[in-house]
Amino acid sequence: LKPDETDLAMAKKAKNIGGKRKRGSQKAEKRARESRGQIGQASLLQAGSRAQRQGGGLPKSGAVIAPKDAQKAADLRKGKSVSGRKPVKKAPAKPKVDEFAGCSKSKKRKLIKQEKIAKKNPKFDTVVDTNKLYSELIDSNKQERDCEGLVSQILKRVDDSPVPLSTFAESRGGSRAVQACLKWGTLAQRKQICEKLMPHLEVLATRKYGVVVAEKLFRYGDKDVVSRKGNKVKSSAKSKGENVSKMTLVLTGAVLKKLAFHRTSCRLLNFVYHYLTSESCKIPNAKAHQRRILLELCLNQAGRAALEVGRLMISNPASIPSLKEVLHRESSVKIDDELHGSIVSHLHEVCRRTVDKELLLFQMWHSVWQQFCSVASESQLEELANHAEEGLPLLLSSRPGAEAMIRLLGVSNAKIKRHLCRALKGQWKTLATNEVDYVVLMRLVDTVDDTVLLSKTMFAELGDEVRALAFDKHGSKVLVHILTMDADPKRRRRVLTPYELGQLETAAPASRKELSLRCLEVCPKVTTKLRAELDNAKTVAEFAADVNARTVLVEYLTRTSEEAVVAALLSAVSSALQEGTELDNLHYVLAALTKADKEGLLKLGGDGFSSRLWKVFSAGLAKTVGSNLVYVLKLMLDGPLQETVKKGCMEQSGQLQQGVHARKEAGGKCSEAERFLATVGATAPASQAKAGKRRASSVPGPDVPAGKKRASSLPGPGKKPKKARKSV
């Protein structure tokens with residue numbers, strides 16, 4: 001039977017009004033069809049399925065349905081009997097047992113959530129059970145806890161579960177439990193864990209929580225527990241490192257390259273690289289393994305074939321060259337120009353790949369960058385700097401990275417330097433006082449042509465911390481470098497180490513500003529702040545007495561010749577002489593300024609610095625000679641004040657001898673003071689007095705004939721006379 005078009009149109013109109021589905025439209029359409037004795041396709045299928053369950057039968061879908069069959073289907077839907085059969089009654093539903101009776105609502109929600117997670121995650125139940133044991137294992141408040149027993153229980157619970165230990169260690173809770181077992185377990189338990197996880201080391205290293213377990217395998221794999229105190233465990237290596245050696249040999253070939261260029265697993269490789277040279281690592285040929293790892297990562301196929309790294313690792317590990325020896329052609333294997341060029345090009349691609357994979361946060365790769373930058377051409381360095389613009393600040397976390405950064409700054413353009421200065425905002429003081437990065441700041445001052453940028457970034461933060469920098473071992477070097485940028489090289493060698501000078505003298509073709517103009521723009525940023533600090537005699541004395549700040553004070557006065565600061569320094573010396581305070585710490589500054597005055601670097605109006613200082617010394621000459629300030633007096637003897645100093649010392653010779661004698665009785669060193677007094681003619685040195693006594697004892701007395709020695713000096717009976725000593 002064909003449906004009536006009018007009824008269907010009305011049903012469709014009720015179904016959709018204005019593009020929206022109206023509530024009850026399905027029922028309206030259904031009633032329209034049933035009023036005509038018709039059943040739609042969906043109703044037919046529904047009725048057929050019900051009839052089949054109750055033992056009835058209906059025509060197949062698509063067959064013509066008579067009104068009688070339609071009535072039969074309607075009866076089936078209403079639950080009436082068909083063909084004399086009684087409808088099957090459903091059994092009443094059993095009442096549900098409340099499993100969470102007596103639980104609070106929050107506890108009930110938590111248990112339901114755990115059930116859902118357990119259905120999806122097979123490791124969940126094991127993790128829950130081991131977490132309880134883990135909490136007891138790490139509880140340092142329980143002094144008498146059985147660590148070995150708890151570790152055994154955790155391992156047994158994991159063995160009984162359907163999840164293997166390697167898969168269990170990949171989860172967050174499982175990773176913590178396995179790490180605790182390695183830390184608190186015995187040597188036998190640690191070896192048991194290593195044997196189970198060693199075949200799965202490659203997979204563990206690529207997992208977020210598994211890589212931490214892999215690190216602990218290397219750290220504790222071959223160590224036994226010596227003592228447990230609180231939350232700390234002291235372990236020592238009692239074996240030859242069999243497990244660690246086996247795991248290190250896994251890191252080779254394709255596995256090594258896969259782990260090295262994966263951001264998660266590279267953490268393990270970085271740990272192993274530095275662990276091999278630590279004191280706690282006792283495996284044989286550890287340094288050879290370290291060199292092998294770098295060579296396999298950095299050399300191309302031709303380079304590895306020429307060096308035969310794999311064969312040397314088996315036959316003679318000690319002969320494996322380092323990457324530095326290969327690149328600088330210092331190894332025993334001869335490398336021609338073509339092979340060397342291909343190795344450097346391959347190393348360039350390796351460095352680029354570390355940037356693409358975001359691996360510069362691992363210090364192992366910093367060593368690779370350091371060696372590449374030492375042999376790369378200017379074009380290669382410039383291309384690498386442009387490629388690694390965003391990641392350059394990460395190189396500051398290690399000394400090799402800082403040395404690579406120093407070379408890259410020489411070829412970097414203004415855009416890269418601007419980005420670097422802005423990225424280091426808020427960290428300038430930390431970098432200036434760091435034992436590695438302070439040289440990078442000195443290099444930035446030499447290579448950044450935009451001094452306005454330096455003023456807004458570096459000097460804006462360091463200006464307020466100039467006193468802290470002056471008293472710091474490394475921060476003072478930054479200030480001294482700025483104050484002596486255009487100084488004589490001989491003078492710079494007095495205040496900077498050969499390492500610092502070597503790093504600062506590397507090529508910088510991208511820096512084009514003249515040195516004199518750079519000094520004119522940069523130095524006032526430091527001298528202005530220092531002048532504000534050195535505003536009284538007390539502060540100047542503190543600078544002069546400190547081993548680091550005194551160099552800053554000397555270079556500041558040498559550059560500026562500030563009269564007020566010189567007067568404050570002399571006032572501090574005068575006060576120290578009058579009050580009898582410690583004078584030994586002042587001799588460095590006074591001696592350095594005396595030399596600078598002699599060389600004409602200290603330009604003061606009126607009397608020179610040496611003349612002013614002598615006036616201060618003459619008021620307390622005895623205390624001056626009895627302290628380390630006697631070195632300053634010796635310097636004055638080589639200048640125009642020689643006669644003045646000698647005359648003043650001769651006039652007070654008695655007081656000077658008393659002062660030296662008092663210092664000698666107090667246990668102080670007086671040899672330099674005695675030599676000074678002998679030089680100016682105030683007294684004879686002790687060495688000359690002893691020599692005089694020896695000469696007097698060798699002179700024959702009045703009862704001994706001339707030409708004969710005393711009897712005491714003659715050899716006794718049976719003794720041979722001593723031979724004359726040969727002159728050298």
Between Met485 and Asp446, does a side chain to side chain contact (heavy atoms under 4.5 Å, CB included) hold up when you go through it step by step?
CA-CA 8 Å; Met485 290 176 64; Asp446 288 349; 3.8 Å; yes
Check this for me, if you would: do Glu563 and Arg612 make a salt bridge, where the nitrogen-to-carboxylate-oxygen distance has to be below 4.0 angstrom?
yes
Can you tell whether the side chains of Lys425 and Glu461 come within less than 4.0 Å, N to carboxylate O?
no
What I want to check is whether the side chains of Asp597 and Thr594 have a donor and an acceptor closer together than 3.5 Å.
no
Any carboxylate oxygen within less than 4.0 angstrom of a Lys/Arg side-chain nitrogen, looking at Glu562 and Arg531?
yes
Strictly distance-based, threshold 3.5 Å: is any side-chain N or O of Lys417 a donor or acceptor partner for the main-chain N or O of Thr447?
yes
Test your reading of the model: is there a side-chain donor-acceptor pair from Ser611 to the backbone of Asp607, 3.5 Å cut-off?
no
I would like to know whether Leu633 and Leu621 meet side chain to side chain contact (heavy atoms under 4.5 Å, CB included); could you show each step before the answer?
CA-CA 10 Å; Leu633 290 174; Leu621 196 56; 4.2 Å; yes
Please list all pairs meeting ring pair (Phe, Tyr, Trp, His ring centres under 6.0 Å) that have one or both residues in residues 515-552, counting only residues at least two apart or in different chains.
Phe471-Phe543
Stepwise side-chain hydrogen bond (donor to acceptor under 3.5 Å, both in side chains) check, Ser516 with Asp486:
CA-CA 7 Å; Ser516 58; Asp486 57 347; over 6 Å; no
Say you draw a straight line from SG of Cys281 to CZ of Arg219; how long is it, rounded to the nearest 0.5 Å?
11.5 Å
Flag, side chain of Arg352 to backbone of Glu383, donor-acceptor distance under 3.5 Å
no
Looking at Glu521 and Lys513, does any basic side-chain N land under 4.0 Å from a carboxylate oxygen?
yes
Should we say atom CD of Glu514 is surrounded by more than 12 heavy atoms from elsewhere, each under 6.0 Å from it?
no
Worked verdict on Tyr556 versus Glu533 for side-chain hydrogen bond (donor to acceptor under 3.5 Å, both in side chains)
CA-CA 12 Å; Tyr556 168 76; Glu533 289 290 336; over 6 Å; no
Look at Arg494 together with Glu599 and state whether they make a salt bridge at an N to O cut-off of under 4.0 Å.
yes
Would you call Asp464 and Lys429 a salt bridge, using N to O less than 4.0 angstrom?
no
